[in-house]
Amino acid sequence: MLHIKLLLGIIWMCVDVHSKSLMFQPLDCADIYNDSTKTSGVYLIYPAGPTSGRYVYCDMHTDGGKWTVFQRRMDDTVNFYRGWDQYKNGFGHAGGEYWLGLETVHLLTLKKNYELRVDLEDFERKKVYAKYTSFGISPMAINAELDGYKLHVSGFEDGGAGDSLSYHSGSKFSTFDKDQDSYEGNCALSYVGAYWYNTCYSSNPNGIYTWGTDSQLGVTWRSWKSFNSVKGISMMIRPLNLV
């Protein structure tokens, strides 16, 4: 009889844990931080309900943590010269280099007001950042794709990197197979990348990984390194007024 009671207790405990996991569907890394963990790593978020689970990297340490990383370059293990559908839906692996997806980030910015932090590292291991107090991707649009997944960013704060993003605010996203920039040519095709190109760029984080060389095609943040490619870059967002 005692063994049966113990078995029933274990079963009910497992059911309870499972039901709690089903009920807890974090929108972003800030929700995960507040509910359960303060350890950086890969987690599952739900930007649009229970069937929308996406794996992301959560930075739980930098500047108070709670950051949802949506873009990361670090070692050239993932090809970032891709077409529209892949930038819309995402690619790569959250534990390494990846792009979360324009539609996912748009869904996040529909539901909360976010700030953006861009962390950069050069090949001498020097690290700097740029921070923006307001960030969104077509945050007021019901159909963000028709709106071009337009970038909205403001409120620059300098962490040594300088401002190479404000120039792109108001621009639509462009890929080699969907040209939406303000240039007479195709910036994504010319600079072998994909981005919120204007005419054409002040930063090019999705360009070719050129291992520190001086190249207009590289992974660049011009206010810091001009056209010298950086070693690492990550773009991450966090809801405002959390720290």
Side-chain angles (χ1 to χ4, degrees), residues 47-48 52 54 56 68-73 78-92 97-118 120 130 132 134-156 162-210 215-223 227 229-230 233-237:
S52 67
R54 298 296 306 273
V56 300
T68 301
V69 178
F70 70 83
Q71 187 268 6
R72 185 163 62 171
R73 309 289 300 276
V78 172
N79 174 24
F80 273 68
Y81 189 48
R82 301 187 183 226
W84 179 260
D85 287 344
Q86 293 191 67
Y87 269 95
K88 174 185 175 181
N89 298 313
F91 57 86
E97 295 195 324
Y98 80 111
W99 175 268
L100 180 58
L102 291 163
E103 184 64 22
T104 296
V105 182
H106 161 67
L107 290 172
L108 293 176
T109 60
L110 274 180
K111 297 174 181 178
K112 293 182 181 180
N113 295 320
Y114 284 92
E115 59 181 336
L116 168 73
R117 179 177 167 120
V118 183
L120 302 121
Y132 300 84
S134 179
F135 168 84
I137 296 178
S138 293
M140 303 301 292
I142 300 301
N143 191 322
E145 187 170 13
L146 287 179
D147 192 49
Y149 292 114
K150 194 177 295 180
L151 174 68
H152 295 267
V153 65
S154 62
F156 168 66
D163 181 11
S164 283
L165 189 58
S166 293
Y167 168 75
H168 298 272
S169 189
S171 298
K172 296 180 179 182
F173 200 88
S174 287
T175 57
F176 64 79
D177 58 347
K178 194 175 183 69
D179 181 13
Q180 302 188 104
D181 59 51
S182 301
Y183 180 57
E184 60 184 11
N186 184 329
C187 293
L189 192 61
S190 298
Y191 295 101
V192 197
Y195 198 47
W196 293 283
Y197 291 113
N198 192 329
T199 61
C200 277
Y201 76 81
S202 182
S203 53
N204 193 35
N206 299 322
I208 296 176
Y209 202 86
T210 58
S215 170
Q216 294 187 33
L217 308 181
V219 181
T220 54
W221 191 267
R222 291 178 59 185
S223 58
F227 289 111
S229 182
V230 300
I233 180 170
S234 63
M235 305 179 79
M236 51 192 184
I237 56 175

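We number each residue from 1, following the sequence as shown.
Under the side-chain contact (heavy atoms from CB on, under 4.5 Å) criterion, Ala194 pairs with Tyr87, Phe173, Thr175, not counting sequence neighbours. With sequence neighbours excluded, the residues satisfying ring-ring contact (aromatic ring centres under 6.0 Å, His included) with Phe70 are Trp99, Phe135. In this structure, the salt bridge (charged side-chain N to carboxylate O under 4.0 Å, His left out) partners of Arg117, at least two apart in sequence or on a different chain, are Asp63, Asp119. Judged as a side chain to side chain donor-acceptor pair (under 3.5 Å), and not counting sequence neighbours, the contacts of Tyr132 are Asp163. For Leu107, the side-chain contact (heavy atoms from CB on, under 4.5 Å) criterion is met by Pro47, Ala48, Glu103, Leu110, not counting sequence neighbours. Every residue meeting the ring-ring contact (aromatic ring centres under 6.0 Å, His included) condition with Tyr195, not counting sequence neighbours, appears here in chain and number order: His168, Tyr197. The side chain to side chain donor-acceptor pair (under 3.5 Å) test applied to Tyr114 returns Asp28, not counting sequence neighbours. In terms of the salt bridge (charged side-chain N to carboxylate O under 4.0 Å, His left out) criterion, residue partners of Lys88 (sequence neighbours excluded) are, by chain and number, Glu145. Applying the side chain to side chain donor-acceptor pair (under 3.5 Å) criterion to Trp221, with sequence neighbours excluded, gives Ser223. A search for side-chain contact (heavy atoms from CB on, under 4.5 Å) contacts involving Ser182 returns Asn198, Thr199, not counting sequence neighbours. In this structure Gln180 satisfies the side-chain contact (heavy atoms from CB on, under 4.5 Å) test together with Trp84, Lys172, Ser174, Lys178, sequence neighbours excluded. Residues forming a ring-ring contact (aromatic ring centres under 6.0 Å, His included) with Tyr81 (at least two apart in sequence, or on another chain): Phe176.
For the pair Arg73 and Phe80, the cation sits on the ring face: its NZ or CZ lies under 6.0 Å from the ring centre, inside 45° of the axis.
Annotation: side chain of Val105 is in contact with side chain of Leu100 (closest heavy-atom distance under 4.5 Å).
Distance check: Ser134 OG to Glu115 CD gives 10.0 Å after rounding to the nearest 0.5 Å.
For Thr220 (side chain) and Arg222 (main-chain N/O), no donor-acceptor pair under 3.5 Å exists by modelled atom type.
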